[in-house]
Amino acid sequence: MVRTPGFLHLLRVLTGSPREGSTMITSQLAKKIGVVPAVIGLVAVGFAFLYAQGQADYSATLGPETSPAADSVDLTDSQLSSVKVEPVGEREFPIEKQAVGSIGFNENMTVQVFTPYQGRIIALFAEVGDDVEKGKTLFTVASPDLLQAEQTIIAAAGVLELTTRNLARLKELYRTKAISQRDLEQATSDQQTAEGALRAARDSVRLFGKTEAEIDEIIAQRKADPTLVVPSPITGRITARNAAPGLLVQPGNPPAPYSVADVDTMWMLANVAETDSPAFRVGQNMKVKLNAFPEEEFEGKVVTVGSIVDPNTRRVLVRSEVKDPKHELRSGMFGNFVIRVGDPVRSVAVPLAGVVREGDGTMTVWVTEDRRHFTKRTVKIGLERDGYRQIVEGLQVGELVATEGAIFLSNMLTIAGAH
């Protein structure tokens, strides 16, 4: 039996016999509650008492000067190298909005290439992904319409030649008074009509893309060529091909044999949250970072802000034109775009490594005055830019904070609290 004065006093209080010894007290306690319960009770009470007395003695040895603050830590000389301390400064933080989007072709600069006249495809001269110049042949078509136009021009040229010779002969006869003036005038009219028919025939053939030299060759050789050449109307890249030799094609009948897009500019298509949509305006500058090119930034400008909110996703379409001088972008690429929606603000800033997120979600920094004693302080954060975090509330310019090793300090505080 433990015979400390405090413990005996506790037993006397329990038994109501403050003057008896420990043996008498135990006997009286056993009579009141039974032998076994009495023994168990005494043991439990003894341990509780000894633990409370030990805690009190430990607190007494610490004294008021050595009790550590709840949110502070002190570093030893060997620990100072684990923490980097710098004064708090200011940085500019642009007011920006971010969203996820995908790259697409600029539909304002995308052309579907149809044949101007019906016919069957003879040959193809471009593949998907090829870069083509304006005027380069994409495919050729055997066109009955072209064949008819060329036959017309050959006939018109023959008629003109005949009427021209006939007029020259009648002019000689008129000088000798062998024909009347009426016959000469009729020959002149026929020759002028033939000239007009030939000009109209040349214009018809020219509509098929034939040059003046090619038309002259057709007339000189009296040979019609039904091959219709379909060139690219713009400089760009082949984005689709739905053509094959022998396929019958007609003007405007989808799908187009070829699609060509100008890839100097691409579209960035994004669906932004309804709550963010008022911040977007046509003409705002933006920057794009793509997963395929993590080290590059592409510049662009907002060209369209949707006028409809999607009823299912509650989002608004924002379309931007992105410059792509190197032709690196591909339709369907995913990326993030950032649009500056306001003037930059200058604010207190701390490196990202100096801000710690606590378990309850609060953000803290470690402040010091002597670079050895550190105190944890809760702050309110804002924007993030170039490795720095904006501090909206809780810090002043010039204060010393741990810019590296903040997590080390938090771990030290946690370990100290566990003991």
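Worth saying up front: this structure is predicted, and the values here are computed from it rather than measured. Residues: numbered from 1 along the sequence shown.
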How far does [atom1] of [X] sit from [atom2] of [Y], to the nearest 0.5 angstrom?
X: Ile218; Y: Glu150; atom1: CD1; atom2: CD; value: 3.5 Å
X: Phe114; Y: Gln250; atom1: CZ; atom2: CD; value: 11.0 Å
X: Arg372; Y: Gln79; atom1: CZ; atom2: CD; value: 9.5 Å
X: Ser347; Y: Leu395; atom1: OG; atom2: CG; value: 10.0 Å
X: Leu146; Y: Leu228; atom1: CG; atom2: CG; value: 6.0 Å
X: Phe208; Y: Asp225; atom1: CZ; atom2: CG; value: 12.5 Å

Could you check whether any side-chain heavy atom of [X] comes within less than 4.5 Å of a side-chain heavy atom of [Y], counting everything from C-beta outward?
X: Asn271; Y: Thr313; answer: no
X: Arg241; Y: Glu127; answer: yes
X: Met109; Y: Ile234; answer: no
X: Leu383; Y: Ile95; answer: yes
X: Leu413; Y: Trp366; answer: yes
X: Gln118; Y: Thr115; answer: no
X: Ile219; Y: Leu198; answer: yes
X: Val230; Y: Pro116; answer: yes

Check the pair Asp190 / Thr163 against side chain to side chain donor-acceptor pair (under 3.5 Å), numbers first and verdict last. CA-CA 6 Å; Asp190 293 341; Thr163 55; over 6 Å; no
Testing [options] one by one against [X] for a side-chain contact (heavy atoms from CB on, under 4.5 Å), which residue passes?
X: Ile339; options: Lys301, Lys287, Met286, Glu96; answer: Met286
X: Gln191; options: Leu167, Leu162, Asn166; answer: Leu167
X: Ser410; options: Ile415, Val73, Val356; answer: Val356

CA sep, side-chain torsions, deciding dist, call: Arg206, Ile215, side chain to side chain contact (heavy atoms under 4.5 Å, CB included): CA-CA 8 Å; Arg206 194 179 296 113; Ile215 294 174; 4.3 Å; yes
Looking at [X] and [Y], would you say the former's side chain and the latter's main chain have a donor-acceptor pair under 3.5 Å?
X: Asn242; Y: Ala256; value: yes
X: Glu404; Y: Pro351; value: no
X: Tyr258; Y: Phe139; value: no
X: Arg389; Y: Leu352; value: no
X: Ser259; Y: Gln112; value: no
X: Glu399; Y: Val88; value: no
X: Thr140; Y: Ala123; value: yes
X: Arg377; Y: Gly394; value: yes

Side chain to side chain contact (heavy atoms under 4.5 Å, CB included) between Phe337 and Val272: does it pass, once the steps are laid out? CA-CA 11 Å; Phe337 78 90; Val272 302; 4.1 Å; yes
Can you see which heavy atom on [X] is nearest to which on [Y], and at what distance?
X: Gly354; Y: Val365; value: O-CG1, 3.5 Å
X: Ala270; Y: Ala99; value: CB-CB, 4.5 Å
X: Ser72; Y: Thr375; value: OG-OG1, 3.2 Å
X: Phe298; Y: Val322; value: CB-CG1, 3.5 Å
X: Gln284; Y: Phe280; value: OE1-CA, 3.3 Å
X: Asn312; Y: Asp310; value: N-OD1, 2.8 Å

Under the criterion side chain to side chain donor-acceptor pair (under 3.5 Å), I'd like the reasoning laid out for Thr265 against Glu321: C-alpha separation, chi angles, the key distance, then a yes or no. CA-CA 6 Å; Thr265 61; Glu321 282 189 359; 4.8 Å; no
Enclosure of [X] [atom1] (heavy-atom neighbours >12, cutoff 6.0 Å):
X: Asp343; atom1: CG; value: no
X: Glu393; atom1: CD; value: no
X: Phe334; atom1: CZ; value: no
X: Glu299; atom1: CD; value: no
X: Glu297; atom1: CD; value: yes
X: Arg357; atom1: CZ; value: no

Run the salt bridge (charged side-chain N to carboxylate O under 4.0 Å, His left out) test on Glu92 and Arg385 for me, step by step, so that the C-alpha distance in whole Å, both residues' side-chain angles and the decisive distance to 0.1 Å come before the verdict. CA-CA 9 Å; Glu92 285 193 348; Arg385 179 75 173 184; over 6 Å; no
Using salt bridge (Lys or Arg N to Asp or Glu O under 4.0 Å) as the criterion, point out the one residue from Asp130, Asp131, Asp262 that pairs with Arg237. Asp131
Mind running side chain to side chain donor-acceptor pair (under 3.5 Å) on Ser143 and Asp145 for me, showing each step along the way? CA-CA 5 Å; Ser143 172; Asp145 295 325; 4.5 Å; no
Could you go step by step and tell me if Arg314 and Val309 meet the side chain to side chain contact (heavy atoms under 4.5 Å, CB included) rule? CA-CA 6 Å; Arg314 309 307 304 172; Val309 178; 3.9 Å; yes
Give a yes or no on whether a salt bridge exists between Arg319 and Glu107, defined as a side-chain N under 4.0 angstrom from a carboxylate O. no
Is it true that Glu217 and Lys223 make a salt bridge, defined as a side-chain N closer than 4.0 Å to a carboxylate O? no
Just grab all the side-chain hydrogen bond (donor to acceptor under 3.5 Å, both in side chains) pairs involving residues 326-341, residues at least two apart or on different chains. Asp264-His327
Checking Val132 against Ile238 for the side chain to side chain contact (heavy atoms under 4.5 Å, CB included) test, could you report, in this order, the C-alpha distance in whole Å, the side-chain angles of both residues, the deciding distance, and whether it holds? CA-CA 7 Å; Val132 296; Ile238 304 296; 4.1 Å; yes
